[in-house]
Enquirer: 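Below is a structure I'd like to ask you about.
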Amino acid sequence: MKVAEILESVTDFFKEHVAPPHRIISYESIQNGGWKITLEAFEEQEYMRRYAKDELLGIYEVLVNKQHNITSFSRTSLRYRSSPAEK
């Protein structure tokens with residue numbers, strides 16, 4: 001499977017189960033033959049729009065095994081879309 005296919009699979013998973021992804025920040029191969037992917041996803045989008053608040057972005061770390069299945073994901077931080085990303 002190509003990197004683009006893995007990223008598309010992760011994007012589809014997030015659309016269906018977590019929150020709509022905004023963008024993929026990074027991806028890297030890990031020692032066991034899998035991938036570690038970091039992405040930003042919109043959080044509570046409807047609530048934020050309804051109350052005229054800035055959109056929230058959750059930063060997630062996703063682990064994908066060598067069979068290209070998502071084995072885990074976790075939100076590592078949360079920020080307003082207009083706030084600068086942490087370095």
Side-chain angles (χ1 to χ4, degrees):
M1 186 177 272
K2 296 181 180 180
V3 172
E5 293 170 342
I6 294 168
L7 297 179
E8 182 179 343
S9 175
V10 169
T11 298
D12 291 344
F13 175 85
F14 265 74
K15 282 180 186 175
E16 186 175 338
H17 300 290
V18 183
H22 174 56
R23 67 183 171 158
I24 305 268
I25 297 173
S26 68
Y27 61 91
E28 63 183 274
S29 155
I30 53 179
Q31 210 167 30
N32 65 0
W35 295 86
K36 180 171 84 170
I37 298 167
T38 306
L39 64 83
E40 292 178 328
F42 291 110
E43 300 282 342
E44 301 179 33
Q45 197 169 12
E46 296 301 319
Y47 173 84
M48 301 307 277
R49 281 187 191 153
R50 183 177 301 137
Y51 296 102
K53 302 273 187 185
D54 194 6
E55 292 177 311
L56 285 173
L57 288 173
I59 291 62
Y60 288 85
E61 185 175 275
V62 183
L63 297 179
V64 180
N65 65 16
K66 62 184 172 183
Q67 290 80 28
H68 306 124
N69 298 314
I70 294 171
T71 57
S72 68
F73 68 92
S74 63
R75 185 171 65 193
T76 58
S77 65
L78 191 63
R79 70 177 179 88
Y80 286 110
R81 186 175 186 180
S82 61
S83 299
E86 294 180 14
K87 292 183 180 181

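Scope of the values below: all heavy atoms of this structure, side chains included, with no hydrogens, waters or symmetry mates.
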Enquirer: Distance check, rounded to the nearest 0.5 Å: Leu56 atom CG versus His22 atom NE2?
Expert: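 One gets 12.5 Å once the value is rounded to the nearest 0.5 Å.
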
Enquirer: Taking C-beta and beyond as the side chain, do Phe42 and Leu57 meet within less than 4.5 Å on heavy atoms?
Expert: yes

Enquirer: I need the minimum non-hydrogen distance between Pro21 and Lys15, along with the two atoms involved.
Expert: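 Taking Pro21 first and Lys15 second, the nearest heavy atoms are CD-CG, 3.7 Å.
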
Enquirer: Kindly compute the distance separating CD1 (Ile24) from CD (Glu8), expressed to the nearest 0.5 Å.
Expert: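 Reported value, rounded in 0.5 Å steps: 10.5 Å.
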
Enquirer: With distance as the sole test, does Thr38 use its side chain to make a donor-acceptor pair with the main-chain N or O of Ser26 at under 3.5 Å?
Expert: no

Enquirer: Quick check: do Thr11 and Leu39 have side-chain heavy atoms less than 4.5 Å from each other?
Expert: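 With C-beta onward as the side chain, the pair stays apart.
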
Enquirer: Which heavy atom of Asn32 sits nearest a heavy atom of Lys66, and at what distance?
Expert: O-CD, 3.7 Å

Enquirer: Calculate, to the nearest 0.5 Å, the distance between atoms CG and CD1 belonging to Leu78 and Ile59 respectively.
Expert: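 Answer for the CG-CD1 pair, Leu78 versus Ile59, is 7.0 Å.
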
Enquirer: Can a donor-acceptor pair be found, under 3.5 Å and without considering hydrogens, that links the side chain of Ser9 to the backbone of Glu5?
Expert: no

Enquirer: Any chance CZ of Phe13 has more than 12 other-residue heavy atoms, nucleotides or ligands included, within less than 6.0 Å?
Expert: yes

Enquirer: For Ile25 and Glu40, run side chain to side chain contact (heavy atoms under 4.5 Å, CB included): C-alpha distance rounded to whole Å, both residues' side-chain angles, the deciding distance at 0.1 Å, then the answer.
Expert: CA-CA 7 Å; Ile25 297 173; Glu40 292 178 328; 3.3 Å; yes

Enquirer: Just so I know, are the side chains of Tyr27 and Ile6 near enough to count as touching, which here means a heavy-atom distance under 4.5 Å?
Expert: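 They are not in side-chain contact.
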
Enquirer: Are Leu63 and Val10 joined in one hydrophobic group, where the rule is that I, L, V, M, F, W and Y side chains link up if heavy atoms are under 4.5 Å apart?
Expert: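 No, Leu63 and Val10 fall in different hydrophobic clusters.
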
Enquirer: Look at the side-chain heavy atoms of Ile, Leu, Val, Met, Phe, Trp and Tyr, link any pair under 4.5 Å apart, and say whether Val64 and Val3 land in one connected group.
Expert: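 Yes, Val64 and Val3 fall within the same hydrophobic cluster.
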
Enquirer: Are Trp35 and Leu7 close enough that some pair of their side-chain heavy atoms sits under 4.5 Å apart?
Expert: no

